[in-house]
Structures are given as structure tokens and as C-alpha cells.
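This is a predicted model, so every value here is computed, not measured. Residues take their numbers from the sequence shown, with the count starting at 1.
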Amino acid sequence: SKLDTQRGAVIASELKNNSCKLAKWTVSSIMSGADLLKFGFISRVTPKDTSHHVILGSLEFRPTDFAQQINLNMDNAWGILRCVIDYFMKCDAGTYLMMKDPNKPAMHIYSV
């Protein structure tokens, strides 16, 4: 399978299409102290059938090694978190919703 023969290309493709998710999972695994980070790849048996899937394979990485591969800087991640906290500390008390724009590298914050 392509996953076995072109592992780097598969990861590069997923990083291009799902970079936010991969970064989020990597940071979570580093912060939790996990020894391994596993990614599973699945596919629908047929494109129109939403209930039957097949496991294509899985890959595992040490979280810190994977963070280096995807150029994830933990100091930068902590800096972003600090900016988010500072922003909300300046806001009035209330309930807020923070959403990532699915088509742009942008975050939206809504008061609900």
C-alpha cells in the first residue's frame, strides 16, 4: 500500500490538509507526557457507504520527534496560548466561542 511504501508522502499530505489537527494532537501528547503518538489511517469500503470502513494502517512517532518533523515549536505554542489567555482576560465575563476558519489560517471569537 501507499502507506507502507511512501510513508513520508502520506504524512506530508496529511500535514498539508490537516496541519491544525496534527499540531493540536502533537502538543496534547507532549503536554500529557505520552511516550508515543499513533496515527491510524482508515478509508470507506465504498465511497457512498458511510458505515463500513477498512483500516489501512497506522504509524507511530515519539511526540517530540514528530514535533520537530512538522516544525512545531513548543515555545511558540505557549506564546500563542498566552496571547489567547491575555485576550480573554481583557473581555467582559461571559461565554465565548473560539472557532478556527476551515478555509483560512484564522480564528474567530464569538460572544454567546
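Taken together through direct or relayed side-chain contacts under 4.5 Å among Ile, Leu, Val, Met, Phe, Trp and Tyr, M89 and W78 form part of one hydrophobic cluster. Hydrophobic clustering places L72 together with M31 (ILVMFWY residues linked when any side-chain heavy atoms are closer than 4.5 Å, directly or through intermediates). Linking Ile, Leu, Val, Met, Phe, Trp and Tyr whenever their side-chain heavy atoms come within less than 4.5 Å puts M99 and V112 in one cluster. M107 and W25 end up in different hydrophobic clusters when Ile, Leu, Val, Met, Phe, Trp and Tyr side chains are linked at under 4.5 Å.
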Item to complete: Go through the steps to decide whether M98 and V84 satisfy the test side chain to side chain contact (heavy atoms under 4.5 Å, CB included), and finish with yes or no.
Response: CA-CA 10 Å; M98 189 166 78; V84 170; 4.1 Å; yes

Discussion item. Please evaluate residues F41 and I55 with respect to the criterion side chain to side chain contact (heavy atoms under 4.5 Å, CB included), reporting the C-alpha separation (whole Å), side-chain torsions for both, the decisive distance (0.1 Å), and the verdict.
Written reply: CA-CA 6 Å; F41 297 89; I55 298 172; over 6 Å; no

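More than 12 heavy atoms of other residues, nucleotides or ligands shown are found within 6.0 angstrom of NE2 on H108. Counting non-hydrogen atoms of other residues, nucleotides and ligands closer than 6.0 Å to NZ of K100 gives a total above 12. The number of heavy-atom neighbours closer than 6.0 Å to OH of Y87, taken from other residues, nucleotides and ligands shown, is 12 or below. In the displayed structure, R44 atom CZ is contacted under 6.0 Å by more than 12 heavy atoms of other residues, nucleotides or ligands. Crowding of L97 atom CG: a count of heavy atoms from other residues, nucleotides or ligands under 6.0 Å exceeding 12.
The existence of a salt bridge linking D86 and K90 is excluded, since no basic side-chain nitrogen approaches an acidic carboxylate oxygen closer than 4.0 Å.
For the atom pair CZ of R62 and CG of L36, the computed distance is 9.0 Å after rounding to the nearest 0.5 Å. In this structure, OG on S29 lies 10.5 Å from CG on D35, to the nearest 0.5 angstrom. Note: N71 CG to L15 CG = 8.5 Å, rounded to the nearest 0.5 Å. Atom CZ of F39 and atom CD of E60 lie 11.5 Å apart (nearest 0.5 Å). The structure places OH of Y110 at 14.5 Å from OH of Y96, a figure rounded to the nearest 0.5 Å. The distance from atom CD1 of I70 to atom CD of E14, rounded to the nearest 0.5 Å, is 12.5 Å.
Residues F61 and K38 form no side-chain contact, since every pair of their non-hydrogen atoms from C-beta on lies 4.5 Å or further apart. Side-chain contact check for I11 versus F66: some heavy-atom pair is nearer than 4.5 Å. Residues L37 and T26 have side chains in contact (heavy-atom distance under 4.5 Å, counting atoms from C-beta outward). Looking at V27 and M74, their side chains come closer than 4.5 Å, going by heavy atoms from C-beta outward.
In this structure, the side chain of S13 does not engage the main chain of A9 through any donor-acceptor pair within 3.5 Å. Under a 3.5 Å cut-off, the side chain of N73 and the backbone N or O of N76 do form a donor-acceptor pair. Judged purely by atom type and a 3.5 angstrom limit, S19 has no side-chain atom pairing as donor or acceptor with the backbone of K16.
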